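Notes for the one structure printed next.
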Amino acid sequence: MAAAVITSQNEYQSDFIRDNPTVADPVIQLLKIQSKFLSLDIKYQQELWDLERKHFQKCQELFDSRASILNGEVISPPGALSYAAAAGATLFDAVPRGPQRNQQQPKASTNSDAVGLPHFWLQAMKNNPLIGDWVDEKDEPALSYLKDIRIVHFEGNQPDLDPTADSGNFEVTHPPADSNTCGFKLVFDFKPNPFFTNESLTKEFLYEREMNGDDIYCDLKYLKATGCKIAWKEGKDLTAMVFGSIESPDDLDFQSFFDFFGTTSWEDEEEEEDDEEEDEEEGEEGEQGDDADESNSDEGDDDDSDDPLDWDFELGEEFKDKFIPYAIHWYTGEARFFEDDFSEDEANEGDGDGESA
């Protein structure tokens with residue numbers, strides 16, 4: 001995709017030149033130079049994205065080997081615990097929490113020569129601070145059926161569809177051929193389970209670069225996070241709102257990791273902002289005085305990070321950049337020591353757990 005050169009002036013630049021005629025000529029020349037730099041910078045960013053895509057393609061064989069080990073598809077050394085035996089153990093008995101000393105090893109199985117790590121992805125997800133916050137206790141049995149989590153990069157400005165995925169399980173977003181878009185898809189592969197019939201659940205992430213001249217950096221912006229339809233089995237929908245005791249709001253259970261497979265978009269945020277502006281206008285008409293002004297001021301101080309689209313991309317990028325490539329370190333818990341917000345108290349707590357195991 002060729003990088004476009006932005007030659008038109010935006011409103012701010014035009015106003016500056018009009019209000020400062022004595023420096024107009026050199027400023028215009030400098031803006032032209034800046035436009036050429038921006039074109040080179042955009043090309044550089046596109047080449048970085050292509051390089052990342054090619055890098056993950058080269059790594060895919062390694063990730064496939066990892067999946068084979070996790071799912072017991074390789075021959076184990078003599079005396080190793082079989083995948084079938086380990087998978088039959090109690091969910092949390094089979095999931096270690098970080099390094100544990102003097103742990104008694106289960107007896108070796110004679111029924112199978114396949115070795116694996118049951119509930120690998122569930123445990124790794126729970127050990128990641130960002131992802132773990134999204135995993136509710138009720139989600140864990142379903143997530144224990146995860147076989148693999150994969151990344152599919154979109155090539156150029158069109159989605160590079162995964163030929164192994166079941167296209168009936170998800171929506172496919174095709175950006176316009178002339179748009180400045182790129183993105184990736186997360187694929188969650190599941191074993192047959194009692195919760196839903198999908199073999200894979202997917203989430204696509206599209207970025208768009210605005211080329212209208214208003215953005216002096218032309219950085220990629222979040223455009224849309226497209227989820228999939230989960231074919232829940234009867235009575236197994238984990239995203240359904242569950243009401244507990246009405247005596248306490250804390251008993252209302254709203255969150256499920258599987259809400260992540262919904263769809264959010266930049267257009268949704270625009271509509272939400274328009275609705276908020278209409279509500280503010282109605283509030284201003286119905287309220288007078290300092291109390292109304294203070295209320296409106298508080299509403300305007302909301303952090304943009306509260307937008308659902310930002311949440312989706314933050315979680316999607318965490319999976320792509322930090323979780324999937326380093327999954328074994330999240331499973332063992334080692335990766336937690338490299339988090340910026342990891343405290344010494346947590347480290348000492350982890351050491352204590354290991355000694356008591």
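All residue numbers refer to positions in the sequence shown, counting from 1. Keep in mind that this is a model prediction, so the values were computed, not measured.
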Okay, side chain of [X], backbone of [Y]: is any donor-acceptor separation there less than 3.5 Å?
| X | Y | result |
| --- | --- | --- |
| N71 | A67 | yes |
| D307 | L309 | no |
| T202 | V187 | no |
| K203 | G316 | no |
| Q255 | D133 | yes |
| D139 | A142 | no |

Problem - Pair D136-S256, side-chain donor/acceptor within less than 3.5 Å - result: no

Exercise for the section: Verify the distance criterion only: is there a donor paired with an acceptor across the side chains of D41 and Q45 at less than 3.5 Å? Expected result: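 Result is yes, a qualifying pair exists.
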
Problem - Partner of M125 by side-chain contact (heavy atoms from CB on, under 4.5 Å), out of F120, Y331, W330, F257 - result: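 Between M125 and the candidates, side-chain contact (heavy atoms from CB on, under 4.5 Å) is satisfied uniquely by F257.
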
Practice task
State yes or no: are the ring centers of F184 and F56 separated by less than 6.0 Å?
Solution key: no

Practice task
Answer yes if the ring centres of F258 and F195 are under 6.0 angstrom apart, and no otherwise.
Solution key: no

Would you mind reporting whether [Y] and [X] have side-chain heavy atoms less than 4.5 Å apart?
| X | Y | result |
| --- | --- | --- |
| F190 | N198 | no |
| L130 | L315 | yes |
| K185 | F154 | yes |
| I42 | Q46 | yes |
| Q57 | H153 | no |

Problem - side-chain contact (heavy atoms from CB on, under 4.5 Å) between L201 and F196, worked out - result: CA-CA 10 Å; L201 300 180; F196 45 80; 4.0 Å; yes

Exercise for the section: Give a yes or no on whether K233 atom NZ has more than 12 heavy-atom contacts from other residues, nucleotides or ligands under 6.0 Å away. Expected result: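 Yes, because the 6.0 Å sphere around NZ of K233 holds more than 12 heavy atoms from other groups.
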
Problem - Atom OH of Y326: over 12 foreign heavy atoms under 6.0 Å - result: no

Handout entry: salt bridge (Lys or Arg N to Asp or Glu O under 4.0 Å) involving D64 - partner list, sequence neighbours excluded
Key =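 D64 satisfies salt bridge (Lys or Arg N to Asp or Glu O under 4.0 Å) with no residue once adjacent residues are dropped.
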
Roughly how far, to the nearest 0.5 Å, is the [atom2] atom of [Y] from the [atom1] atom of [X]?
| X | Y | atom1 | atom2 | answer |
| --- | --- | --- | --- | --- |
| S35 | I216 | OG | CD1 | 12.5 Å |
| I328 | L70 | CD1 | CG | 7.5 Å |
| T263 | K229 | OG1 | NZ | 12.5 Å |
| L146 | K191 | CG | NZ | 7.5 Å |
| T264 | Y222 | OG1 | OH | 11.0 Å |
| F319 | F188 | CZ | CZ | 4.0 Å |

Non-hydrogen atoms of [X] and [Y] that approach each other most closely:
| X | Y | answer |
| --- | --- | --- |
| S265 | K224 | CB-CG, 3.7 Å |
| W49 | G183 | CZ2-O, 3.1 Å |
| A327 | A124 | O-CB, 3.9 Å |
| K320 | I151 | O-CD1, 3.6 Å |
| D312 | G262 | OD2-O, 4.4 Å |
| I324 | R66 | O-NH1, 2.7 Å |

Handout entry: Ion pair K147/E73, N-O distance below 4.0 Å
Key =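 No salt bridge links K147 with E73.
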
Exercise for the section: Kindly indicate, with the supporting measurements, whether the criterion side-chain contact (heavy atoms from CB on, under 4.5 Å) is fulfilled by K126 and E140. Expected result: CA-CA 9 Å; K126 291 172 64 177; E140 296 185 13; 3.3 Å; yes

Practice task
Return the orientation label for the Y207 and F313 ring planes: parallel under 30°, perpendicular over 60°, tilted otherwise.
Solution key: perpendicular

Exercise for the section: For the pair F323 and W121, name the ring-plane relationship: parallel under 30°, tilted 30 to 60°, perpendicular over 60°. Expected result: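 It falls in the tilted class, 30° to 60°.
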
Handout entry: For N20, side-chain contact (heavy atoms from CB on, under 4.5 Å) partners two or more places apart
Key = F16, V23

Practice task
List the steps, then state whether side-chain contact (heavy atoms from CB on, under 4.5 Å) holds for Q9 with I28.
Solution key: CA-CA 9 Å; Q9 298 168 0; I28 290 174; 4.0 Å; yes

Handout entry: D219 and K221: CA distance, side-chain angles, deciding distance, side-chain contact (heavy atoms from CB on, under 4.5 Å) verdict
Key = CA-CA 6 Å; D219 289 333; K221 302 292 192 301; 4.3 Å; yes

